[in-house]
Structure formats: C-alpha cells, structure tokens
**Student:** 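Sharing a structure here in structure tokens format.
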There are 2 protein chains.
Amino acid sequence: MVKDSKPTKIEDVAARANVSIMSVSRAIRGVEGVSEKKRAEILRLAREMKYVPNSNARSLAVANSNLIGISLPTFAGEVFADILNGMRKTFDSAGYSSVIDTTEYSPEAELNWVRRLLSWQPAGIILTGTDHTPETQDLLRAAPIPVLEIWDQSEDPIDICVGIDHFKAGQMIGEHAVALGYARPAFVSTARGHDTRADARLEGVREVFARLKSAPVLSSRIASDNNFATGFQGTSELLSGDVPDLICYLNDHMAFGGMMSCQAKGLSVPDDIGIIGFNELDLASVLPMELTTVRTLRKLMGIVGARNLLARINGAKTDTCTVLPIEFVPGQTTRPQ
Amino acid sequence: MVKDSKPTKIEDVAARANVSIMSVSRAIRGVEGVSEKKRAEILRLAREMKYVPNSNARSLAVANSNLIGISLPTFAGEVFADILNGMRKTFDSAGYSSVIDTTEYSPEAELNWVRRLLSWQPAGIILTGTDHTPETQDLLRAAPIPVLEIWDQSEDPIDICVGIDHFKAGQMIGEHAVALGYARPAFVSTARGHDTRADARLEGVREVFARLKSAPVLSSRIASDNNFATGFQGTSELLSGDVPDLICYLNDHMAFGGMMSCQAKGLSVPDDIGIIGFNELDLASVLPMELTTVRTLRKLMGIVGARNLLARINGAKTDTCTVLPIEFVPGQTTRPQ
DNA sequence: CTGTTAGCGCGTTCAC
DNA sequence: GTGAACGCGCTAACAG
C-alpha cells in the first residue's frame with residue numbers, strides 16, 4: 001500500500017531526543033561535537049524512527065555532492081559491465097556513489113541524460129566514447145566539474161579520457177591478418193554510426209589492407225543488440241556474396257555467431273575461412289577451438305578512469321589522455337603462422 | 001580543466017533578462033503565466049548562459065521527484081538488461097528517470113543502496129527478488145512510496161511484485177526430464193545463497209525427482225560471474241564423479257559452457273548426456289543444435305512491472321503479485337520424446 | 001559540548 | 001501577466 005505519512009525529518013528526531021537539530025545532524029554525520037552518550041541515543045532513535053536524511057536538502061546546503069554520473073551506451077554484453085565493475089569499486093571505497101544510464105548509442109539520449117545529471121550537481125561525469133552532440137560538449141565544458149571520457153581516446157577530450165585506440169586496434173588486426181596471408185577480408189558489425197568505436201576499428205583494418213594489399217574490406221552491418229544473432233545473420237549475408245577468406249567481428253560474441261553461420265554453410269574454420277573476434281570475452285575460454293581475438297583491459301580501464309577522475313575532483317592533475325595497451329591473441333580460428 | 005565559476009542559477013538568468021525569478025521559473029517549466037515574447041527571450045538566454053536547473057532545490061521545494069530507484073543483482077548476462085530495457089521505455093515515456101545500482105547479490109549492498117535511494121526521495125523503488133534483509137524491508141514498508149519487487153514472486157511482497165515462479169519452473173524442468181526418461185540428474189549453478197532464484201529452481205527439480213523417481217539431484221556450485229567459464233568448470237567437476245545423464249543449468253550461457261565441457265570429455269549430447277538451460281538467451285538462436293531451455297518473458301516483465309509501479313505512484317490499484325508464464329522449450333540437447 | 005542564525009536554489013502563495 | 005515574500009530540510013559559521 002502507499003503509505004501517506006510524511007517522511008521523518010531531522011527535526012522530528014531532535015524533538016524526540018530532546019536535543020537541537022544540530023546535535024542530530026552531527027550525530028548522524030559522525031562528526032565531532034556531540035558527547036558519545038547523546039550520539040548513541042540519537043542514532044538509536046533515528047534508527048527506530050526510520051529516519052533517512054534528505055539528500056536534496058543536504059546537497060543544497062553544502063553545494064556539492066558525492067555523486068558520479070555515468071553514461072554508457074548499453075548494458076548488453078560484458079564490455080561495459082566490466083568497465084563499470086572496475087569503476088564502482090574505486091568510487092565506493094572513496095565514498096562516492098554513482099548513477100548510471102544507458103543511451104542505446106543515441107547522442108540525443110546522451111544529451112538528455114547529461115542535462116539531468118548536471119541538474120543533480122554531481123561531483124563528476126563519465127561519458128562513453130568521444131562522440132557527443134555539440135551541445136553536450138558545450139554544457140560539459142562549461143560545467144564546473146571534471147568529465148571523464150572512457151573506452152575511446154581523443155587528442156582533445158572534454159576534460160580527461162582513458163581508453164584504447166580503436167583505429168590502431170583495427171590496424172593491429174589488419175597487420176596480423178596480412179602476415180597470416182589473408183587477402184579477402186570482411187568485417188561484420190552493427191549499423192554505421194551506431195558504434196563509432198567499431199567503425200574506427202573497421203577503418204583501421206581497411207587502411208592496412210588498402211596500403212599493404214590494395215584490397216578492400218567487405219562489410220556487413222546489422223543494427224541489433226543481440227550479438228550472437230547479429231553475428232550469425234551478418235555472416236550469412238556476407239557468405240551469400242563473394243566469400244571472404246577472413247571475417248573480423250565487432251566482438252567475440254558476434255564472432256561466435258559468425259562461426260556458427262560458417263559451420264551451417266559447410267565452411268570449415270580456419271581452413272576455408274578465418275575468424276577474428278574482439279575483447280577476449282568470457283565465452284572464449286570455453287570454446288574447443290581457441291578464438292583469435294584482441295585482449296582489452298576493461299576492468300583496468302575502469303579502475304584507472306575512476307582513479308583519474310577522483311584525482312581531478314580532488315583538484316590534482318592527471319594525464320589528459322591515458323591510452324591502455326591492447327594485445328592480439330592468436331588462436332586457432334585463423335591460419336597458423 | 002576544472003572550471004571554477006559557480007553554476008548559473010535562476011537568479012542570474014532573471015537579472016540578465018530583466019524579469020523576476022518567477023518569470024524565469026515559469027518559462028523554464030513551460031507553465032502558464034508568462035507572455036510568449038518573454039518566454040522565448042528567457043529560454044534563449046537560459047540556453048545561452050548554459051543554465052541548468054538545480055534538481056536538489058527543486059525537489060526540496062516541491063517535495064517530490066520523478067525519480068525511480070532500481071536495484072539489480074548484476075549487469076552481467078542478458079537477463080537484467082532485458083528486464084531493464086522493458087522498464088526504461090515505460091518510465092521514459094511517462095517522464096520518469098531512473099537510477100540503477102547493482103548489488104552483486106549482496107543483501108547488505110542492497111540495504112545500502114536502498115538507504116541512499118530513499119535519501120533522494122524517489123517516486124518509487126524497484127528491487128530484484130524477494131529476499132532482503134529485515135532492515136531493508138522495514139525501511140521500505142515505512143517509506144511513503146510504492147515498491148516493486150521483480151523477477152521473483154511472493155505471497156507477501158513489500159508492496160507489489162511481478163515475476164515468475166522459480167520453484168515451479170524447476171518443477172516444470174523436472175517433470176519434462178522425468179518424462180524424457182532421465183534418472184540421474186544434476187544441476188550446475190553458483191554458490192548457494194548467491195542467486196536464490198536459481199536455488200529455488202534447483203529445489204523444484206529436486207522435489208520432482210524425489211517424488212517421482214526417488215532420485216537425488218547432484219549439484220555443482222561455483223561462485224563466479226563468468227557464466228561460460230563457470231558452466232564449464234562446474235560441469236568438469238561434476239563429470240569427475242558419478243556421471244549424470246542430465247545436467248540442468250542456471251542459464252543458457254552456463255549450459256553452453258557445460259556442453260563444451262562434455263564435448264571436451266568425449267561425451268556426446270544428447271546421447272550420453274542431456275543438457276537443459278534457462279532463459280532462452282540470444283545465444284540459443286545460433287547454436288547448430290537447438291538448446292533445450294525455458295523461455296522467460298523478461299522484457300514483458302519489465303514493461304508490466306513498470307506499468308504497475310506507475311499505477312501505484314499515481315494512486316491506482318494494481319495486482320499485488322503478477323506471475324508471468326514460462327514455457328519449456330524442448331530442443332536437441334535432450335533426448336527426443 | 002551545545003544551540004542559534006542565516007541561507008543553499010527553487011516553487012508555492014498571494015499580492016499587485 | 002508579473003513579482004515579493006516565505007519555506008522546503010539541512011548544514012556552515014558562529015555564539016555560548
């Protein structure tokens with residue numbers, strides 16, 4: 001049932017305890033200035049009365065908060081969950097709490113979320129990637145709080161950033177692919193502009209194949225959040241045309257979907273076709289055939305990002321842009337060297 | 001860089017526009033009482049000055065908010081992301097915003113989050129499951145806002161709930177398994193008490209096998225968030241003892257990990273051993289062998305839950321407990337009928 | 001150690 | 001259509 005009683009406020013507790021409001025305030029916050037006797041009694045009463053401080057009033061009074069606002073593209077997949085896990089631990093132990101929303105890759109949704117976040121006067125804001133609407137950037141550059149952009153890197157971040165170089169990651173994939181003798185590569189991803197980091201990786205692969213082999217990179221793009229199914233469908237579509245000798249994927253889950261599609265079409269991996277994933281996800285550890293993929297340090301990224309943001313909040317200086325290393329992980333889904 | 005200027009407030013905009021604070025307030029909120037000329041000018045200036053309303057002050061003044069607090073066990077896996085997707089759309093279009101945190105299956109973490117949530121005076125709170133610390137329950141029952149418990153069901157929810165009957169789901173699995181002729185079942189899951197819904201499903205399977213076959217259900221439990229790896233390891237452990245003829249899993253990802261383990265041990269599915277997953281995840285759609293699993297309507301659950309909570313917020317009455325249907329999906333990883 | 005005063009930024013109420 | 005007071009619940013700064 002909806003209960004209609006007004007919430008208990010600090011004044012109610014003070015009246016009940018026969019002390020001033022300030023004593024209650026001090027007792028609750030655990031600051032000095034109350035005798036231990038009173039403090040204990042006040043805390044007991046507060047608990048009994050189910051008193052919950054009003055954060056709105058508190059934030060208004062102290063003009064700051066210990067809130068970190070986080071914007072993520074999606075909760076689907078392990079990637080952002082991993083980054084988040086790294087960040088949260090760091091924030092928690094520093095006494096900060098975080099609020100999260102997902103944009104589903106929409107810059108407008110991101111702008112709306114940033115507006116709402118700013119209205120809560122957070123201590124800091126974390127955005128995913130470096131692509132934002134001009135208004136988002138304006139708002140954030142004008143805001144009196146540090147801003148962290150994560151997962152991607154940029155020469156000119158809004159404030160600071162921690163990520164990996166997705167274009168270089170694509171180049172790394174391309175170079176290994178060329179070294180392994182592949183000549184007709186393809187890339188299965190989501191709709192262009194949906195995930196701009198994946199787009200950058202594709203461009204990296206393209207650049208290498210254009211430069212070293214004068215070969216184009218076919219691409220198949222399906223807009224969907226279902227990674228396995230999308231990998232499968234994108235691959236099926238690709239295989240209905242000129243069959244490539246290598247397919248790179250947005251991530252390991254899509255790569256697995258793609259492998260299943262190849263298998264369904266009677267193509268053998270890696271003899272007929274090579275497969276390269278991305279992110280080295282949990283799934284890769286159970287496959288009978290080691291998946292060729294790229295290792296990204298997502299949890300570390302979260303920890304470093306959170307740490308740097310906290311440093312900024314505390315007025316310290318940190319690197320403007322931290323680029324984390326990535327590593328190509330050769331497996332059995334591509335030809336042996 | 002951290003910018004040190006104070007944020008623009010409504011007073012600043014008023015001064016710049018040569019109007020009273022109240023006119024700005026009315027213009028910003030889009031309520032009547034300002035001429036269209038003034039409104040347009042005020043909005044233009046506010047935008048130019050990058051004015052962002054202070055939600056703390058606003059909430060304090062109006063004593064309510066359009067905030068929904070959500071507590072989830074984890075972001076890992078598709079399950080809660082799906083439920084969330086259903087909920088968010090509903091809340092968004094109703095003008096509510098939501099803040100989410102994960103508890104990583106810790107009731108104490110849930111309590112802390114609930115405390116923090118309550119301090120923001122939200123319009124409603126959503127919890128996962130029906131297992132909470134006594135203090136969490138007290139706090140929430142005393143709070144003047146509706147509370148939705150999701151994913152599980154209970155005869156006596158804190159306020160309202162929308163979910164499925166996990167014990168019955170286990171029974172359903174058990175009954176199908178018995179009908180298919182299985183006699184030596186096992187269940188691979190996480191540590192007991194970690195995911196109490198999974199525990200309930202296991203008990204459901206146990207009840208059926210005890211009743212119909214007087215057979216025990218072996219179980220292997222590994223605490224980890226990595227579903228694929230956990231499924232693999234739990235299965236390997238299980239197979240080192242008396243080999244069961246059927247293994248049920250916490251979800252499809254774990255089931256796939258388990259299948260890979262069986263394959264590694266030279267066991268053929270479904271001839272040597274049967275596999276049953278749960279949730280019918282995206283992965284199932286790409287496997288060459290249809291996975292026997294149980295379909296849950298997660299997105300619908302989110303939508304129904306959000307709708308019911310909104311109804312409660314608006315003072316309407318709704319069902320105390322809504323139990324959604326589930327469906328056994330026979331596949332090729334269990335023996336044919 | 002304890003209590004009083006003033007004000008955080010905004011919206012309600014009631015004047016004009 | 002417009003604006004001036006007051007108060008939301010809490011805390012900083014000061015007084016005792």
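Numbered from 1 within each chain, the chains take letters A, B, ... in sequence-line order.
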**Student:** Can you work out whether A61(B) or S35(B) has the more 5'-proximal nearest nucleotide on DNA chain D?
**Tutor:**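 In this pair, the answer is S35(B).
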
**Student:** State whether the side chain of T128(A) and the backbone N or O of S71(A) hold a donor-acceptor pair below 3.5 Å, judged by distance alone.
**Tutor:**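 At least one qualifying donor-acceptor pair exists.
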
**Student:** If I take atom CD in residue Q121(B) and atom C1' in nucleotide dC10(C), what distance separates them, rounded to the nearest angstrom?
**Tutor:**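 For the pair Q121(B) CD and dC10(C) C1', the rounded distance is 16 Å.
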
**Student:** Return the value, rounded to whole Å, for the distance between atom CG of N64(B) and atom C1' of dC10(C).
**Tutor:**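 Distance check: N64(B) CG to dC10(C) C1' gives 13 Å.
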
**Student:** Is the phosphate of dG3(C) approached by S23(A) (side-chain N or O, under 4.0 Å from OP1 or OP2)?
**Tutor:**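 True: S23(A) side-chain N/O within range (under 4.0 Å) of dG3(C) OP1/OP2.
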
**Student:** Taking R39(A) for its side chain and V31(A) for its backbone only, find out whether a donor-acceptor pair lies under 3.5 Å.
**Tutor:**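 Judged by distance alone, yes, a pair lies under 3.5 Å.
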
**Student:** Please report, rounded to the nearest Å, how far the P atom of dA12(D) is from the CZ atom of R26(A).
**Tutor:**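 Result: 10 Å.
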
**Student:** Any side-chain N or O of Y51(B) less than 4.0 Å from the OP1 or OP2 oxygen of dG9(C)?
**Tutor:**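 So the side-chain polar atoms of Y51(B) never come under 4.0 Å of the phosphate oxygens OP1 or OP2 of dG9(C).
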
**Student:** Please evaluate residues I125(A) and L118(A) with respect to the criterion side chain to side chain contact (heavy atoms under 4.5 Å, CB included), reporting the C-alpha separation (whole Å), side-chain torsions for both, the decisive distance (0.1 Å), and the verdict.
**Tutor:** CA-CA 8 Å; I125(A) 288 189; L118(A) 285 175; 3.8 Å; yes

**Student:** Please give, in whole Å, the distance from dC10(C) P to N54(B) CG?
**Tutor:**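 Whole-Å distance recorded here is 6 Å.
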
**Student:** Donor-acceptor pair, N54(A) side chain versus N56(A) backbone, under 3.5 Å?
**Tutor:**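 It does hold such a pair.
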
**Student:** Separation of E32(A) atom CD from dC1(C) atom P, in whole Å?
**Tutor:**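 Taking CD of E32(A) and P of dC1(C), I get 7 Å after rounding.
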
**Student:** Report the distance from atom NZ of K9(B) to atom P of dC8(C), rounded to the nearest whole Å.
**Tutor:**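 Interatomic distance, NZ of K9(B) to P of dC8(C): 5 Å.
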
**Student:** If you compare every side-chain N and O of S25(A) against the phosphate oxygens of dT11(D) (OP1, OP2), does one of them come in below 4.0 Å?
**Tutor:**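 The answer is yes; a side-chain N or O of S25(A) sits under 4.0 Å from OP1 or OP2.
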
**Student:** Between A57(A) and V34(A), just flag the one whose closest nucleotide in DNA chain C comes earlier from the 5' side.
**Tutor:**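 That would be V34(A).
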
**Student:** Nearest whole angstrom, please: distance from the P of dT12(C) to the CG of L60(B).
**Tutor:**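 Going from CG in L60(B) over to P in dT12(C) covers 13 Å.
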
**Student:** Within the structure shown, what part of the strands sits under 4.0 Å from R29(A) by heavy-atom distance: base, sugar-phosphate, or nothing?
**Tutor:**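 The answer is sugar-phosphate, as R29(A) gets under 4.0 Å only of primed atoms, P, OP1 or OP2.
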
**Student:** Any base atoms under 4.0 Å from I21(A), or only sugar-phosphate, or nothing? Heavy atoms, all strands.
**Tutor:**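 Base contact.
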
**Student:** Please confirm whether the shortest side-chain N or O distance from K38(B) to OP1 or OP2 of dG1(D) is below 4.0 Å.
**Tutor:**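 So the side-chain polar atoms of K38(B) never come under 4.0 Å of the phosphate oxygens OP1 or OP2 of dG1(D).
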
**Student:** Describe, in one word, how the ring planes of F75(B) and F75(A) are oriented to each other, choosing from parallel (under 30°), tilted (30 to 60°) and perpendicular (over 60°).
**Tutor:**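 Answer is parallel, since the angle falls under 30°.
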
**Student:** Which whole-number value in Å describes the distance from M22(A) CE to dC1(C) C1'?
**Tutor:**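 Going from CE in M22(A) over to C1' in dC1(C) covers 12 Å.
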
